[in-house]
Engineer: 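After the structure tokens below, expect a handful of questions from me.
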Amino acid sequence: MDERWEPLEEDFWNLPTLEAARHLLGRYLVHETPAGTLVGRIVETEAYLGPDDRAAHSYGGKVTQRNRVMFGPPGYAYVYFIYGMHECLNVVTAEAGVPHAVLIRALEPVASAAEMARRRGLPPEEVERRLARGLPEPRLTSGPGRLTQALGITRAHYGHDLRRPPLYLTRGEPVPDRLVGRSPRIGIDYAGEARDYPWRFFLRDNPYVTRFPRRKPEREGGGEADLILRAKR
DNA sequence: GAGTTGATCACT
DNA sequence: GTGATCAACTCT
């Protein structure tokens with residue numbers, strides 16, 4: 001039998017946020033739409049641990065219209081709009097009152113890639129051909145703004161329970177530690193000391209993981225997800 | 001390196 | 001309420 005499509009274990013939502021971010025890797029994100037069931041496998045995440053994390057929207061602990069769902073119980077969607085054009089999806093983690101969330105940064109397409117291509121403004125047949133040949137098509141779902149566009153996720157999903165259709169998580173294909181990489185988070189240079197926290201998790205050598213913008217790998221291998229430290233400022 | 005608009009914040 | 005600032009990004 002195929003466990004990939006089973007619901008997430010219910011005690012997943014009891015995990016501390018950094019473990020949740022690590023163990024979201026390999027899971028399937030499923031969106032059932034009239035145009036098809038869009039599915040991607042999570043290959044990159046970032047943890048945001050307010051109120052002490054300067055990069056988190058919940059930094060400082062103040063509840064706003066935008067961040068309020070982060071303060072609620074885990075398992076719900078925090079979708080925000082950024083740079084005037086992109087939507088980003090987070091999974092709320094940690095118990096109510098602890099404003100943590102995990103940003104989904106990249107997916108690997110699993111089903112309905114042609115429909116994802118349409119939504120992304122890419123030629124569906126061409127994309128399907130590439131994927132059928134085993135070639136990657138990162139423009140589909142590589143990046144937090146791209147994957148929401150590909151799966152049709154918007155602020156209309158704000159506060160949605162990610163255990164329920166039409167948008168939910170399943171067990172997917174679990175990932176062993178040796179395939180997990182770790183690094184500082186992307187795009188938060190303003191966040192002071194928090195910019196160096198290694199709270200980004202990704203699948204090693206997966207073509208859908210976003211590139212490293214500003215750091216060099218320090219070392220290789222290692223059983224436990226090993227650290228990649230920033231080179232300079 | 002520019003684009004684009006909404007959320008937040010410091011004020012009136 | 002009003003206006004300034006700037007963002008957990010993407011594409012050229």
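It should be emphasised that the depicted structure is a prediction, and the values quoted were computed from it without experimental measurement. Below, chains carry the letters A, B, ... as their sequence lines are ordered, and counting in each starts from 1.
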Engineer: In whole Å, what is the span from the CE atom of A/M85 to the P atom of C/dC6?
Structural biologist: 17 Å

Engineer: Applying salt bridge (Lys or Arg N to Asp or Glu O under 4.0 Å) to A/R118 and A/E115, what does each step give before you reach the verdict?
Structural biologist: CA-CA 5 Å; A/R118 266 175 227 115; A/E115 176 59 20; 2.7 Å; yes

Engineer: With hydrogens left out and only the distance checked, is there a donor-acceptor pair under 3.5 Å joining A/Y80's side chain and the base of C/dA8?
Structural biologist: yes

Engineer: Could you run down the sub-3.5 Å N/O contacts of the protein with nucleotides 3-5 of chain C?
Structural biologist:
none

Engineer: Among all residues two or more places apart in sequence or in another chain, which pass the ring-ring contact (aromatic ring centres under 6.0 Å, His included) test with A/H160?
Structural biologist: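 None.
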
Engineer: Is the side chain of A/R120 donor-acceptor paired with the backbone N or O of A/R139 at a distance under 3.5 Å, no angle test?
Structural biologist: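 A pair under 3.5 Å: yes.
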
Engineer: Would you confirm whether A/H31, through its side chain, and A/T37, through its main-chain N or O, come within 3.5 Å as a donor-acceptor pair?
Structural biologist: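 Checking the backbone N and O of A/T37 against the side chain of A/H31, no donor-acceptor pair under 3.5 Å is found.
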
Engineer: For the pair made of CD1 in A/I188 and C1' in C/dA8, what is the distance, rounded to whole Å?
Structural biologist: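 Rounding to the nearest Å, CD1 of A/I188 and C1' of C/dA8 are 8 Å apart.
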
Engineer: Looking at residues 137-153 of chain A, who's got a heavy atom less than 4.0 Å off DNA chain B?
Structural biologist: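 Result for residues 137-153 of chain A: none.
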
Engineer: Could you list the residues that satisfy side chain to side chain donor-acceptor pair (under 3.5 Å) with A/Y208, not counting sequence neighbours?
Structural biologist: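 In terms of side chain to side chain donor-acceptor pair (under 3.5 Å), with neighbours along the sequence ignored, A/Y208 is linked to no residue.
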
Engineer: Mark yes or no for whether A/S183, through its side chain, and A/R200, through its backbone, hold a donor-acceptor pair below 3.5 Å.
Structural biologist: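 Such a contact is absent between A/S183 side chain and A/R200 backbone.
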
Engineer: Stem ranges for DNA chain B, with three or more consecutive Watson-Crick or G-U pairs under 3.5 Å?
Structural biologist: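 Counting only runs of 3 or more consecutive pairs, the stems involving DNA chain B are B:1-3 with C:9-11, B:5-11 with C:1-7.
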
Engineer: Using whole Å, report how far CG of A/D189 lies from P of C/dA7.
Structural biologist: 10 Å

Engineer: Please report, rounded to the nearest Å, how far the C1' atom of B/dC9 is from the OH atom of A/Y190.
Structural biologist: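 These atoms are roughly 16 Å apart.
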
Engineer: Is the number of heavy atoms from other residues, nucleotides or ligands under 6.0 Å of A/E95 CD greater than 12?
Structural biologist: no

Engineer: In chain order, what residues pass the side chain to side chain contact (heavy atoms under 4.5 Å, CB included) check against A/A191, with sequence neighbours excluded?
Structural biologist: A/R54, A/A55, A/I188, A/A194

Engineer: Looking at A/Y83, does any N or O in its side chain come under 4.0 Å of the phosphate oxygens OP1/OP2 on B/dA2?
Structural biologist: no

Engineer: Counting only heavy atoms not in A/D11, do more than 12 sit closer than 6.0 Å to its CG atom?
Structural biologist: yes

Engineer: Backbone N or O of A/N90 within a donor-acceptor pair of the A/Y80 side chain at under 3.5 Å?
Structural biologist: no

Engineer: Do A/H23 side-chain atoms and A/A20 backbone N/O form a donor-acceptor pair below 3.5 Å?
Structural biologist: no

Engineer: Of the residues in residues 50-62 of chain A, which ones touch DNA chain C at a heavy-atom distance under 4.0 Å?
Structural biologist: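 Under 4.0 Å from DNA chain C: A/A55, A/H57.
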
Engineer: Quick one: which residue pairs count as a salt bridge (charged side-chain N to carboxylate O under 4.0 Å, His left out) with a foot in residues 61-87 of chain A, not counting sequence neighbours?
Structural biologist: A/E87-A/R155

Engineer: Quick one: list whatever passes side chain to side chain donor-acceptor pair (under 3.5 Å) with A/T33, sequence neighbours left out.
Structural biologist: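 For A/T33, no residue satisfies side chain to side chain donor-acceptor pair (under 3.5 Å) once neighbours in sequence are set aside.
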
Engineer: Would you list the pairs meeting salt bridge (charged side-chain N to carboxylate O under 4.0 Å, His left out) in which at least one residue belongs to residues 97-112 of chain A, sequence neighbours left out?
Structural biologist: A/R41-A/E108, A/E44-A/R105, A/E46-A/R105

Engineer: Determine the minimum heavy-atom distance between A/A106 and A/S142, stating which atoms define it.
Structural biologist: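 Looking at all heavy atoms of both residues, the shortest contact is CB-CA, 4.2 Å.
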
Engineer: Got a sec? Which of residues 104-128 of chain A come in under 4.0 Å of DNA chain B, heavy atoms?
Structural biologist: none

Engineer: Count the heavy atoms belonging to other residues, nucleotides or ligands that lie under 6.0 Å from CD of A/E126, then report whether that count exceeds 12.
Structural biologist: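 No, CD of A/E126 has 12 or fewer neighbouring heavy atoms, counting only those of other groups under 6.0 Å.
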
Engineer: Name the pairs: protein N/O against N/O of nucleotides 6-8 of chain B, kept only if under 3.5 Å.
Structural biologist:
from	atom 1	to	atom 2	distance (Å)
B/dT8	OP1	A/T64	OG1	2.3
B/dT8	OP1	A/R66	N	3.3

Engineer: Do the ring planes of A/H57 and A/Y78 sit parallel (below 30°), tilted (30 to 60°) or perpendicular (above 60°)?
Structural biologist: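 Because their plane-to-plane angle is over 60°, the rings of A/H57 and A/Y78 count as perpendicular.
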
Engineer: So, the side chain of A/T93 versus the backbone of A/T17: is there a donor-acceptor pair under 3.5 Å, distance only?
Structural biologist: no

